Novice: 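Take this structure, written in structure tokens, and hold onto it; I'll ask about it next.
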Amino acid sequence: QGDLAEAWRKGEADYATVAMRYQLTDVTLDKATGRIVAGEPRPSEAVELWTFRRDRGGAWKLSAIQQTA
């Protein structure tokens with residue numbers, strides 16, 4: 001899920017920060033057996049702030065990712 005947190009213009013550039021909320025499962029598998037050798041099979045939730053930038057009228061490009069506390 002992504003929610004627009006803020007948007008602004010500085011000079012000829014536009015910026016937008018999106019709060020990205022998602023679930024992930026971080027495990028290491030044994031390729032031969034498929035067995036979990038490290039990590040937790042239960043998903044955890046993460047929230048990051050992704051900031052995008054574009055020159056006026058141009059394509060949006062990712063410019064920063066911040067972890068939230």
Side-chain angles (χ1 to χ4, degrees):
Q1 176 182 338
D3 296 312
L4 182 64
E6 64 178 322
W8 68 98
R9 178 171 291 143
K10 185 175 181 181
E12 291 296 312
D14 297 320
Y15 295 85
T17 297
V18 177
M20 302 291 282
R21 187 178 2 248
Y22 57 93
Q23 287 188 337
L24 66 133
T25 304
D26 186 11
V27 296
T28 302
L29 300 176
D30 179 313
K31 196 171 186 177
T33 65
R35 186 176 63 86
I36 296 174
V37 295
E40 177 59 49
R42 281 182 255 144
S44 61
E45 185 172 290
V47 179
E48 297 175 331
L49 298 174
W50 290 26
T51 299
F52 297 87
R53 179 192 186 279
R54 71 174 176 181
D55 293 325
R56 190 152 314 159
W60 288 101
K61 296 180 182 177
L62 181 63
S63 66
I65 298 176
Q66 296 173 288
Q67 298 290 317
T68 61

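Keep in mind that what you see is a predicted model, and the values were worked out from it rather than measured.
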Novice: For the pair D55 (side chain) and G58 (backbone), establish whether a donor and an acceptor sit closer than 3.5 Å, ignoring hydrogens and angles.
Specialist: no
Novice: Could you pull out the closest heavy-atom pair between R54 and A59, with the gap in Å?
Specialist: CB-O, 3.3 Å
Novice: Which heavy atom in P41 sits nearest to a heavy atom in T25, and how many Å separate them?
Specialist: O-CG2, 3.5 Å
Novice: Drop me the distance from L29's CG to I36's CD1, to the nearest 0.5 angstrom.
Specialist: 6.0 Å
Novice: State, to 0.1 Å, how close R53 and A13 come at their nearest heavy-atom pair, and which atoms those are.
Specialist: NH2-CB, 3.5 Å
Novice: Listed by chain and number, what are the salt bridge (Lys or Arg N to Asp or Glu O under 4.0 Å) partners of R9, not counting sequence neighbours?
Specialist: D14
Novice: Applying the side-chain contact (heavy atoms from CB on, under 4.5 Å) test to Y15, which of W60, W8, F52 qualifies?
Specialist: W8
Novice: Can any side-chain N or O of S63 pair as donor or acceptor with the backbone N or O of T51 at less than 3.5 Å?
Specialist: yes
Novice: With no hydrogens and no angle check, do the side chains of E48 and Y22 hold a donor and an acceptor under 3.5 Å apart?
Specialist: yes
Novice: Does any non-hydrogen side-chain atom of I65 lie less than 4.5 Å from one of M20?
Specialist: no
Novice: If you compare all heavy atoms of T68 against all heavy atoms of V47, which two are closest, and at what distance to 0.1 Å?
Specialist: OG1-O, 2.9 Å
Novice: What residues, two or more places apart in sequence or in another chain, satisfy salt bridge (Lys or Arg N to Asp or Glu O under 4.0 Å) together with R42?
Specialist: E40
Novice: On a heavy-atom basis, which atom in D3 and which in Q1 lie closest, and how many Å separate them?
Specialist: OD2-NE2, 3.0 Å
Novice: For residues L24 and A46, report the shortest heavy-atom separation together with the two atoms involved.
Specialist: CD2-CB, 3.7 Å
